[in-house]
Amino acid sequence: MADADKVNWQTGKQEIIDINSLTNQFKRVDEYAVSPDGDKIAVLGQAEDDTFTAIVNGEKWPESFELAWYLRFTPHGHLICLARIDDMWTLVVDGKPWENRFEFIWNPQFAKNSPAIALAYKSEFEYGVVVDDKPWENRFQAMRDFTLSPDGKHTAATVQVEPLGEADVFKFFEGVWSVAVDGKAWDSKYINTWRPIFSPDNSSVAAEIRTDIADYSLSVDSRDWSQKYGCVWEPVFSPDGSKVVAPVRHEGAWRMAANGELIWKTRFSQLWKPQFAPGGKKLAAIGSVEFGRWTIVIDDRPWGQTFRDMVLEPVFSPDGNRAAAVVKDENRWTICADGKTWHQDFDMVWDPVFTADSARVLAKVEKDGKYHLAADGSLKMGGFDKFWDPVVEPDGNNLLLRYIEDGKYIREVKKVSDLLG
């Protein structure tokens with residue numbers, strides 16, 4: 001949460017609104033969204049005339065729209081939705097629509113270190129990126145992934161820079177894709193490009209590239225790695241920006257590479273989603289040592305336990321010494337922390353949250369149709385109709401809980417020591 005210091009951390013339980021009072025006013029309400037500080041709950045409501053608007057703590061936005069969806073609070077506490085006005089789409093922020101209209105918009109992204117909001121858009125059968133209602137000056141025939149820099153001042157996207165005739169295989173293999181930064185494409189062209197990312201200081205962009213029929217690599221600011229691989233996955237920058245790290249398929253197995261050099265010795269059946277610990281002192285990824293079995297790998301050392309169905313991206317503790325991940329085995333969900341799986345499993349589990357001292361692992365879980373807070377494998381409180389991820393106070397003393405119970409939205413702050421013991 002971007003503004004954790006602005007949260008009211010005074011302990012206590014507060015009923016914000018009876019949700020039933022909203023459901024009685026509209027034909028339909030859905031897309032429940034709760035603000036990061038827990039003070040507000042919003043829903044999208046469909047009126048009798050079939051228009052849509054947002055309702056925040058029971059108060060409607062002044063303006064209604066032909067259609068609206070994707071209601072979300074940003075990390076900085078602004079309420080947004082995608083809305084259709086006069087058969088065109090735009091973004092609405094805190095009830096005020098952007099001035100620009102588009103044929104379609106999608107994939108809102110929020111800057112890590114600023115309130116900036118970016119979207120992909122389509123206009124006149126061309127594609128681009130818009131940031132805070134300012135579209136790129138250049139648009140492209142096609143666009144895949146895009147990303148917003150941490151400071152919210154720059155965007156990068158994979159774009160098609162030349163036309164390609166139907167079944168024109170020769171032109172395809174000459175390369176018609178590149179990476180555009182702030183709407184200006186690199187000079188280099190590739191057969192394909194994917195998943196651009198910004199460096200932590202916002203100054204560099206790295207992306208996956210395909211350079212031949214079966215040759216893949218990475219490029220940083222249009223400077224390609226000299227090494228080619230059978231495949232590559234999405235890269236990450238190290239926290240100090242000195243290294244670009246990515247899983248690569250080399251000689252029939254997946255390895256981890258940094259700046260074009262292999263850095264892990266283990267050969268994996270699959271390897272992806274690399275993540276650096278805070279400060280960059282550890283590197284983790286999802287890996288498969290045995291075909292069809294998944295686990296977390298940290299600094300080239302796989303956890304002892306593996307899982308058949310799924311392992312999600314690892315989450316590091318604030319001190320960087322611990323890691324935990326959502327895992328699924330035999331169709332049951334639970335958490336694995338530091339290679340040890342919780343004994344209790346659930347119908348569904350959400351990403352783990354560490355306490356500020358890195359000692360405890362919390363998670364929102366679902367069991368028998370109700371939502372609960374679990375800590376280190378044990379249910380601590382719950383039976384809620386809806387429940388949002390717990391928020392830990394930066395100094396570690398308190399925990400913010402946001403939930404709907406018996407039709408009422410509740411904001412509650414509890415001492416960590418009282419709740420977890």
Side-chain angles (χ1 to χ4, degrees), residues 1-13 34-38 75-77 112-113 150 200 236 238-240 273-285 295-299 301 303-305 311-327 333-344 346 349-365 371-382 384 387-403 410-421:
M1 186 170 56
D3 295 320
D5 293 339
K6 298 179 181 178
V7 174
N8 177 7
W9 289 104
Q10 184 174 355
T11 57
K13 187 174 179 179
V34 169
S35 62
D37 61 8
H76 286 79
K112 180 179 180 181
N113 302 322
V236 293
S238 58
D240 65 2
K273 300 290 183 183
Q275 304 282 329
F276 278 99
K281 57 184 178 182
K282 293 183 179 180
L283 174 64
T295 192
I296 297 296
V297 187
I298 298 179
D299 292 340
R301 293 188 292 275
W303 284 350
Q305 293 195 6
V311 173
L312 300 188
E313 295 174 58
V315 175
F316 276 106
S317 59
D319 65 8
N321 292 324
R322 304 187 63 198
V326 173
V327 298
W333 296 87
T334 190
I335 296 285
C336 187
D338 306 320
K340 298 178 181 177
T341 308
W342 286 1
H343 293 299
Q344 191 166 3
F346 310 96
V349 179
W350 280 258
D351 272 348
V353 176
F354 280 92
T355 52
D357 62 1
S358 303
R360 310 293 296 270
V361 180
L362 316 175
K364 167 190 171 183
V365 302
Y371 300 91
H372 308 262
L373 174 69
D376 300 323
S378 300
L379 297 182
K380 293 299 180 182
M381 61 182 298
F384 306 129
F387 181 46
W388 285 265
D389 285 340
V391 180
V392 180
E393 188 180 17
D395 68 8
N397 290 327
N398 297 312
L399 200 62
L400 171 62
L401 304 166
R402 302 162 296 170
Y403 54 87
I410 306 294
R411 179 192 190 278
E412 184 172 8
V413 176
K414 293 181 74 75
K415 285 188 174 298
V416 173
S417 55
D418 292 343
L419 183 63
L420 305 183

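Since the structure is predicted, the reported quantities are computational estimates derived from the model, not experimental observations.
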Would you compute the distance between atom CG of Leu420 and atom CG of Asp418 and round it to the nearest 0.5 angstrom? 9.5 Å
Expected output: side-chain Lys282 to main-chain Arg322 donor-acceptor under 3.5 Å: no
Quick check: do Thr355 and Leu362 have side-chain heavy atoms less than 4.5 Å from each other? yes
Got a second to check how far Leu401's CG is from Arg411's CZ, nearest 0.5 Å? 10.0 Å
Check Gln10 against Asn8 and note the closest heavy-atom contact, atom names and distance. N-OD1, 3.0 Å
Roughly how far apart are Thr11 OG1 and Leu400 CG, rounded to 0.5 Å? 12.0 Å
For Phe316 and Ala284, which heavy atoms make the closest approach, and how far apart are they? CZ-CB, 3.6 Å
SB check Asp389 Lys364 (cutoff 4.0 Å): no
Out of curiosity, Ile410 CD1 to Phe387 CZ, how far, rounded to the nearest 0.5 Å? 13.0 Å
Non-hydrogen side-chain atoms of Lys414 and Lys380 separated by less than 4.5 Å: no
Do Leu312 and Lys273 have side chains that approach each other closer than 4.5 Å (heavy atoms only, starting at C-beta)? no
Is it true that Phe384 and Tyr403 have ring centroids separated by less than 6.0 Å? yes
A side-chain contact here means heavy atoms from C-beta on lying under 4.5 Å apart; do Leu373 and Leu419 qualify? yes
Would a 4.5 Å heavy-atom cut-off, applied to side chains only, mark Asp240 and Pro200 as touching? no
Thr334 side chain vs Gln344 backbone, donor-acceptor pair below 3.5 Å: yes
Contact between Leu379 and Val365 at the side-chain level, heavy atoms closer than 4.5 Å - yes or no? yes
Using every non-hydrogen atom in the two residues, find where Trp303 and Asp338 come nearest and quote the distance to one decimal. CZ2-N, 3.6 Å
Shortest non-hydrogen pair, Pro394 vs Ala356, comes out as O-CB, 3.8 Å
Are Val326 and Trp350 packed together at the side-chain level, in the sense that at least one heavy-atom pair is separated by less than 4.5 angstrom? no
Over 12 non-hydrogen atoms of neighbours within 6.0 angstrom of NZ in Lys415: no
At their closest point, which heavy atom of Pro352 faces which heavy atom of Ala325, and how far apart are they? CG-N, 4.1 Å
Heavy-atom pair with the smallest gap, counting every atom of Val361 and Trp342: O-CZ2, 3.6 Å
Between Arg360 and Val416, is any pair of side-chain heavy atoms under 4.5 Å apart? no
side-chain contact (heavy atoms from CB on, under 4.5 Å) between Arg402 and Val391, intermediate numbers included: CA-CA 9 Å; Arg402 302 162 296 170; Val391 180; 3.8 Å; yes
Got a second to check how far Ile335's CD1 is from Phe346's CZ, nearest 0.5 Å? 8.0 Å
Can you tell me how far apart CD (Glu313) and CD1 (Ile296) are? Round to the nearest 0.5 Å. 9.0 Å
